[in-house]
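Numbered from 1 within each chain, the chains take letters A, B, ... in sequence-line order.
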Protein chains: 2
Amino acid sequence: MDSIDRNILVALQHDGASGLAELAKVAGLSVSATAERVKRLEERGTIRGWRADLDPAAVGCPLLAWVFVTLRPGASDAKFRDGLAPFEHVLECHAVSGPWSYMLKLRVAGLPELEAFVAGELRRKAGVERTETVLALSTVKETAILPVAPPDDEEA
Amino acid sequence: MDSIDRNILVALQHDGASGLAELAKVAGLSVSATAERVKRLEERGTIRGWRADLDPAAVGCPLLAWVFVTLRPGASDAKFRDGLAPFEHVLECHAVSGPWSYMLKLRVAGLPELEAFVAGELRRKAGVERTETVLALSTVKETAILPVAPPDDEEA
DNA sequence: GATGTTCCGGTCAATGCTGTCCATCGCCGC
DNA sequence: GCGGCGATGGACAGCATTGACCGGAACATC
């Protein structure tokens, strides 16, 4: 993982469909050497996959919300976690520090769908005791592009 | 935007590099008809781009945190928002409901970097009055794959 | 300390595939 | 019946992939 790899990763996060020829120019290598590096990054797991980045509103999920959750005493964490997997509008679920057990990130069509999920799935099932919901009023910035930092010193 | 388009979008979110031939099989169309649909989805803005999905830990950002922020009375929202843009470890920034003005999602190398940003950039600059930081202890689920819902009725 | 060997990573060239373009056909609405 | 949108199929061009060859660094041997 040298600075060439990092340049490749930065470029691929911004545009993963521009082709190896252009990527090779960024990397300063030949096309095949660039392809070899990309392949290695995939095998190592640094590149987990290739995704189309969609407009949430265009696919019917304009509403963004987070739900903080506390489980009932004695409730099963594993059961709660597994229960969330099938819900595809649950984009994220993290165990968090602070007064809450978990924090979920949701994308839904509207408030009725949000309420249905929180009241129905979370509270009724899944051993959830208390919840607190935060709505996104507007989004200033939202990206999945990670900062690709040098391992220690040096700044490209 | 019919059910074929939705199937295409679902497939492209899971694997955007498998090629048109395989995508055409999913869509049940010829290769060129599939390509035409993908092109239209890009032009319409439904597909915003093509990204490599990276492992955060592998690129040096293992720590995930959210920072809730309240601006000082009279502070400029626009200035705050614009000030965040250059920080690439700020993945998200939303104006939110509830007691806080904004909620930021951060990916950083470790606690020192997190503290440096919150204390230095947010509190000292940018007109921030109060902050509250939530750390991710573990991540159960984290995806950018959106549910591609039918516009109204019907379920594929 | 010098030299030979091996391995890793790069370039270059050829091949196979795949995405793109175009003409044609079928279907639906007017 | 006519016009337009969308899908089909084939031909072409461009690109990714593969293999052979080359160079340098690390290690072992003399």
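A/Trp100 is linked by a side-chain hydrogen bond (donor to acceptor under 3.5 Å, both in side chains) to nothing, counting only residues two or more places apart in sequence or in another chain. Taking the side-chain hydrogen bond (donor to acceptor under 3.5 Å, both in side chains) definition, one finds that B/His89 meets it with nothing, sequence neighbours left out. B/Glu92 meets the side-chain hydrogen bond (donor to acceptor under 3.5 Å, both in side chains) test with A/Lys105, B/His94; sequence neighbours excluded. With sequence neighbours excluded, no residue satisfies side-chain hydrogen bond (donor to acceptor under 3.5 Å, both in side chains) with B/Arg44.
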If you restrict it to nitrogen or oxygen atoms, what contacts under 3.5 Å exist between nucleotides 6-10 of chain C and the protein, and what is each distance?
unit_1, atom_1, unit_2, atom_2, d
C/dG10, OP1, A/Arg37, NE, 3.0
C/dG10, OP1, A/Arg37, NH2, 2.7

Which pairs, protein N/O on one side and nucleotides 11-22 of chain D N/O on the other, fall under 3.5 Å?
unit_1, atom_1, unit_2, atom_2, d
D/dA16, OP1, A/Leu20, N, 2.5

Please write out the pairs of protein N or O atoms and N or O atoms of nucleotides 26-30 of chain C separated by less than 3.5 Å, giving the distance to one decimal.
none

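Screening residues 55-77 of chain B for salt bridge (Lys or Arg N to Asp or Glu O under 4.0 Å), with sequence neighbours left out, gives no hits. Every pair passing salt bridge (Lys or Arg N to Asp or Glu O under 4.0 Å) that includes a residue from residues 30-42 of chain B is listed here, sequence neighbours excluded: B/Asp2-B/Arg37, B/Asp5-B/Arg37, B/Glu36-B/Arg40.
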Expected list for residues 14-31 of chain B: side-chain donor-acceptor pairs under 3.5 angstrom, two or more places apart:
unit_1, atom_1, unit_2, atom_2, d
B/His14, ND1, B/Val10, O, 2.9
B/Asp15, OD1, B/Ala17, N, 2.9
B/Ser30, OG, B/Ala33, N, 3.3

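Helix-axis bend for the helix from C/dG1-D/dC30 to C/dC30-D/dG1: the local axis fitted to the five terminal pairs at one end deviates from that at the other end by 30°, rounded to 10°.
Cluster note: B/Val128 groups with A/Val140, B/Leu63, B/Val67, B/Val69, B/Leu71, B/Phe80, B/Leu84, B/Phe87, B/Val90, B/Tyr102, B/Leu104, B/Leu106, B/Val108, B/Leu111, B/Leu114, B/Phe117, B/Val118, B/Leu122, B/Leu135 through ILVMFWY side-chain heavy atoms spaced under 4.5 Å, whether in direct contact or through intervening members.
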